[in-house]
Student: 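Handing you this structure, nothing more for now.
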Amino acid sequence: MALKQYGYFPGCVAQESCKELDLATHVVAEKLDWELIKLDAASCCGASVVNDMNRHLARMLNARTFAEAEALGLETVLTICSTCTGHMRQANHELLHNERYMKDANDVLARFGKKYSGKVETKHMAWILRDDIGIANIKKMVVRPLTGMKIGAFYGCHVLRPEEYAASGEDPRNPHNMEDLILALGAEPIVYEGRTRCCGFHIQLEKEEVTVNMVGQNMAMARDQGAESIVTGCPLCHLALDAYQTKSLDTAFGKTDLPVFHLPQLIALAFGVAPEKLGIQKHLTDASKVLVSAGIA
Amino acid sequence: MLVNLEVQRFNPEQDAAPHVESFEVDVPDGSTVLEALMHIKDERDGSLSFRRSCRSAICGSCTMSMNGLDGLACKTPIRQLLSQFGESGVADAKPHETISSHAGQAHFGAAATAAPVAGAAVPSSSVAPKTTNGKSVGTVRVGPMHNLPIVKDLVVDMTRFWEKNKSLKPWLVPKNAPPAREYPQSPEEMERLWRPANCIFCGTCYSLCPVVSVDDTFVGPAAIARVGYRFLEDTRDGARKERAETIVEQNLWLCAHCYACSYCPKHVDPHELIALSCVATIEEGVTDNTGARHAMVVADTIKKTGFLEESQVIPGTLGYFNLIGLSSVMPLGLRLLLKGKMPPLLMRPVPRVTEIREIFKAAEAKRY
């Protein structure tokens, strides 16, 4: 019997271009004796984009996901993506605070025999690590401390704002759960202004140069504070930061080449798992130099 | 209480670049940042320049950056900043006695009538006033708004901000000849306009916007919410289609969905009104643009498979026949392919995907 059971919502990106995130999550879950019950019939959370077309759609789609979790007897849905976390929490917040929205959602769910009673909470993996396992216990499980690594956290907007529902339990202007984890893993957390700012992912197709500049701005802030790599809890941030740093050379912010780890990859490294078992070699910004100097690869 | 204010100073007639000047001031516990600045101006240095008028969060003059975050100085108690950042005034990734700036306030509507007075947002039970014993309770860093040129000290030139508001035509274009009496509005119609009407043009959202910080062509959250959305949703207005075209030309779709504008001191929450403006432009058929195509193709792939299909979204957004646009993303696509990070070309639909289509049918039938 597993120690903890969670509804698992990997989100689209971890099942498409960032499969290594899903992989690393399972590695960490096994080490922690978690049973992740994948909500395999769940849909996309709406990823903020669906709100730009229809305000009801994302809410109803997420109500169906929550109903799937409830039907399995699960009250906590574990997410590994800031964007999923924020938009599922937004949907839940709206459903719980507006009877009409809840009724509308349940009217359509009833057409295929489902119901959502409002008991599901979506939590980011980082929050679950903090609240259910405890940073001190994670520290005890470290077998290969990431000594010498200087790591900047990149939170991702949607686990910070709007604070009415994104609330991680910390001040969104000065959060600390990621830095606490970095420290517990034996590395040095680098605090920089860009850590709570936007990566620009959502507008890369609208105007790529804006994303490139936003990436350049944030990564230059991290570099200037001494960061040598980045860890993020959002695969969308990962994609933007990982892919566009090479292009940010063309910006006023200058060259940065900080490898961008997914949160569970970093934890698994400290738990002694080999980097190639975590898909780190798939990242576009090469991590080997940083890993070699930390004595990992 | 004794507090250390690090104020950014700049006098273009004397200084080559802005510099920081520290003032240790003794102000009553519960003072706002604005009260501390007024104390400096009255007692210490009359040349310190900043805008202020009402001191009660209704005129929108005193927007500035406090510990790197922007807001109204008259609505920001010093104790609140100390509770967020500690004594250093710099984000340090450590827990302090957190008090939400929204604590104790109704989300919206009530906020318009109940702007908190100095210290009211900080319950004394949460943060016990420290006795200072001649020691400062901490540092607060004060600077001008971001994204606008500095005139002097904390005063910025708001010209671009006003130009962008004007570019969206902040006036009613009547549908028909004016009625004999007033234009009637239902409570439901009024409700939609209530939120943007609370905007006081303080520019906090504009100053916080990361897109504006790197691209001046983005019209910005305040103009979209207060002018764009406000008139797109006014049933008395007769120029909805033209407005939809104008707001798209002013780069509505450059909003990065970062929700930085959710720190609105008047709870207008521009990010939500930006999304509703996007909805309105699609309703008006202004869809031959990247942003609208993106929203529609994302929804389309979810309808088909339950997934946001990355491999479909890119060509669907740029246009399948947009050879220049597609060739510009090819190098990145190739690198992803070589690294084994290319998303699958087709996703197998999630179980019971017909339920998702049923949800689309229900949602598409609704507007508000």
Side-chain angles (χ1 to χ4, degrees), chain A residues 12-13 15-18 40-44 47-57 60-61 64 104 107-108 111-112 114 153 157-158 161-164 166 170-171 173-176 179-180 189 191 193 196-198 200-203 205-208 210 213-214 217 243 281-284, chain B residues 68-69 84-85 91-96 98 100 102 107 210-211 213-215 253-254 256-260 262 269 275-276 278-279 282 290-291 294-296 298-299 302 306-308 310 314 317-318 332 335-336 339-344 347 350-352 355-356 358-360 362-364 366:
Chain A
C12 301
V13 178
Q15 296 177 81
E16 298 184 44
S17 61
C18 285
D40 59 0
S43 68
C44 171
S48 83
V49 186
V50 168
N51 285 341
D52 294 344
M53 220 189 87
N54 187 316
R55 291 292 291 173
H56 300 279
L57 198 47
M60 290 180 175
L61 287 169
R64 177 174 168 276
D104 285 349
D107 283 350
V108 60
R111 291 185 206 170
F112 38 85
K114 285 202 169 69
C157 300
H158 306 306
R161 298 179 288 268
E163 58 187 318
E164 280 84 357
E170 296 167 13
D171 192 298
R173 298 162 187 82
N174 190 15
H176 53 84
E179 284 81 2
D180 293 348
V191 181
E193 201 190 324
T196 54
R197 289 172 63 109
C198 176
F201 176 88
H202 289 300
I203 44 172
L205 294 173
E206 179 70 18
K207 198 168 180 182
E208 193 185 44
V210 179
N213 270 289
M214 287 164 77
Q217 193 179 39
Q281 70 283 1
K282 287 185 167 189
H283 300 180
L284 297 186
Chain B
L69 292 157
Q84 285 166 341
F85 294 85
D92 55 1
K94 290 194 174 68
H96 302 283
T98 299
S100 163
H102 290 191
H107 178 52
V211 177
S213 80
V214 296
D215 190 333
W253 290 100
L254 259 187
H257 301 175
C258 76
Y259 305 160
S262 68
D269 295 343
L276 290 170
C278 292
V279 173
I282 293 176
T290 319
H294 183 59
M296 292 189 298
V298 164
I302 299 172
F307 289 100
L308 187 164
E310 293 172 271
I314 295 167
T317 300
L318 297 174
L332 184 60
R335 286 169 63 212
L336 289 169
K339 287 282 191 175
K341 280 193 75 149
M342 200 64 176
M347 295 296 286
V350 298
R352 291 172 270 114
E355 296 175 3
I356 289 171
E358 196 74 37
I359 286 175
F360 268 79
E364 281 159 3
K366 284 186 169 299

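Just so it is clear: chains get the letters A, B, ... in the order the sequence lines come, proteins before strands, and each one is counted from 1.
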Student: For the residue pair B:H96 and A:D171, establish whether any side-chain heavy-atom pair is separated by less than 4.5 Å.
Tutor: no

Student: Using the side-chain contact (heavy atoms from CB on, under 4.5 Å) rule, take B:D92 and A:H176 through it: C-alpha gap first, then chi angles, then the decisive distance, then the call.
Tutor: CA-CA 8 Å; B:D92 55 1; A:H176 53 84; over 6 Å; no

Student: For A:A42, is it the side chain, the backbone, both or neither that has a heavy atom under 4.5 Å from a heavy atom of chain B?
Tutor: backbone

Student: Would you mind checking which part of B:K341 comes under 4.5 Å of any heavy atom in chain A, side chain (CB onward), backbone (N, CA, C, O), both or neither?
Tutor: both

Student: So which part of B:M296 gets closer than 4.5 Å to some heavy atom of chain A, the side chain, the backbone, both or neither?
Tutor: both

Student: Taking side chain as everything from C-beta outward and backbone as N, CA, C, O, which of these in A:V191 sits under 4.5 Å from a heavy atom of chain B? Side chain, backbone, both or neither.
Tutor: side chain

Student: When heavy-atom pairs shorter than 4.5 Å are enumerated against chain B, which of A:K114, A:E208, A:Q281, A:E193 gives the highest number?
Tutor: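 Sorted descending by pairs with chain B, the first entry is A:K114.
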
Student: How close do A:R55 and B:A275 get, heavy atom to heavy atom, and via which atoms?
Tutor: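 Smallest interatomic distance, heavy atoms only, reads NH1-CB, 4.2 Å.
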
Student: Heavy-atom pairs under 4.5 Å with chain A: which of B:S213, B:G68, B:A91 has the most?
Tutor: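 Option with the top pair count is B:A91.
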
Student: Would you confirm whether A:E16, through its side chain, and B:E310, through its main-chain N or O, come within 3.5 Å as a donor-acceptor pair?
Tutor: yes

Student: Taking all non-hydrogen atoms of both residues into account, name the closest pair between A:M214 and B:A256 and its distance.
Tutor: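 Scanning both residues, the minimum pair turns out to be CE-CB, 4.2 Å.
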
Student: Which value, rounded to the nearest 0.5 Å, describes the distance between B:E355 atom CD and A:L61 atom CG?
Tutor: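 Spacing of CD (B:E355) from CG (A:L61) equals 11.5 Å.
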
Student: Do you know which of B:V298, B:L332, B:L254, B:I314 has the most heavy-atom pairs with chain A at a distance under 4.5 angstrom?
Tutor: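 When all of B:V298, B:L332, B:L254, B:I314 are compared, B:L254 has the most.
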
Student: What part of A:E206 lies closer than 4.5 angstrom to a heavy atom of chain B: side chain, backbone, both or neither?
Tutor: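 Both backbone and side chain.
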
Student: Are the side chain of A:N174 and the backbone N or O of B:Q84 linked by a donor-acceptor pair below 3.5 Å?
Tutor: yes

Student: Taking the side chain as everything from C-beta on, heavy atoms only, tell me whether A:R161 gets closer than 4.5 Å to B:C258.
Tutor: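 A:R161 vs B:C258: side chains touch.
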
Student: Supply the atom-to-atom distance A:I203 CD1 to B:D215 CG, rounded to the nearest 0.5 angstrom.
Tutor: 8.0 Å

Student: Under a 4.5 Å heavy-atom cut-off, does chain B meet the side chain of A:Q15, its backbone, both or neither?
Tutor: both

Student: Is there a donor in the side chain of A:D52 and an acceptor in the side chain of B:H294, or the other way round, less than 3.5 Å apart?
Tutor: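 Side chains of A:D52 and B:H294: no pair found under 3.5 Å.
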
Student: Which answer fits A:P162, side chain, backbone, both or neither, if we ask what part of it has an atom under 4.5 Å from a heavy atom of chain B?
Tutor: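 For A:P162, backbone and side chain are both near chain B.
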
Student: Non-hydrogen atoms of chain A under 4.5 Å away: do they reach the side chain of B:L308, the backbone, both or neither?
Tutor: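 Backbone plus side chain of B:L308, per the 4.5 Å heavy-atom cut-off to chain A.
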
Student: Check whether any side-chain heavy atom of A:R64 sits under 4.5 Å from a side-chain heavy atom of B:E358, and report yes or no.
Tutor: no

Student: With a 4.5 angstrom heavy-atom cut-off, is it the side chain or the backbone of B:I302 that approaches chain A, or both, or neither?
Tutor: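 When you check distances to chain A, only side chain atoms of B:I302 fall under 4.5 Å.
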
Student: At a heavy-atom distance under 4.5 Å, which candidate from A:V13, A:N213, A:L57 has the highest pair count against chain B?
Tutor: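 Most pairs with chain B among the choices: A:L57.
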
Student: Pick whichever of A:C157, A:S48, A:C198, A:P189 has the most heavy-atom pairs under 4.5 Å with chain B.
Tutor: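 Max contact count across the listed options: A:S48.
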
Student: So what's closer than 4.5 Å to chain A heavy atoms on B:I282: side chain, backbone, both or neither?
Tutor: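 Interface part for B:I282: side chain.
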
Student: Decide yes or no on side-chain contact (heavy atoms from CB on, under 4.5 Å) for B:W253 and A:K207, but give the supporting numbers first.
Tutor: CA-CA 9 Å; B:W253 290 100; A:K207 198 168 180 182; over 6 Å; no

Student: State, with a plain yes or no, whether a side-chain heavy atom of B:H257 is found less than 4.5 Å away from one of A:F201.
Tutor: no

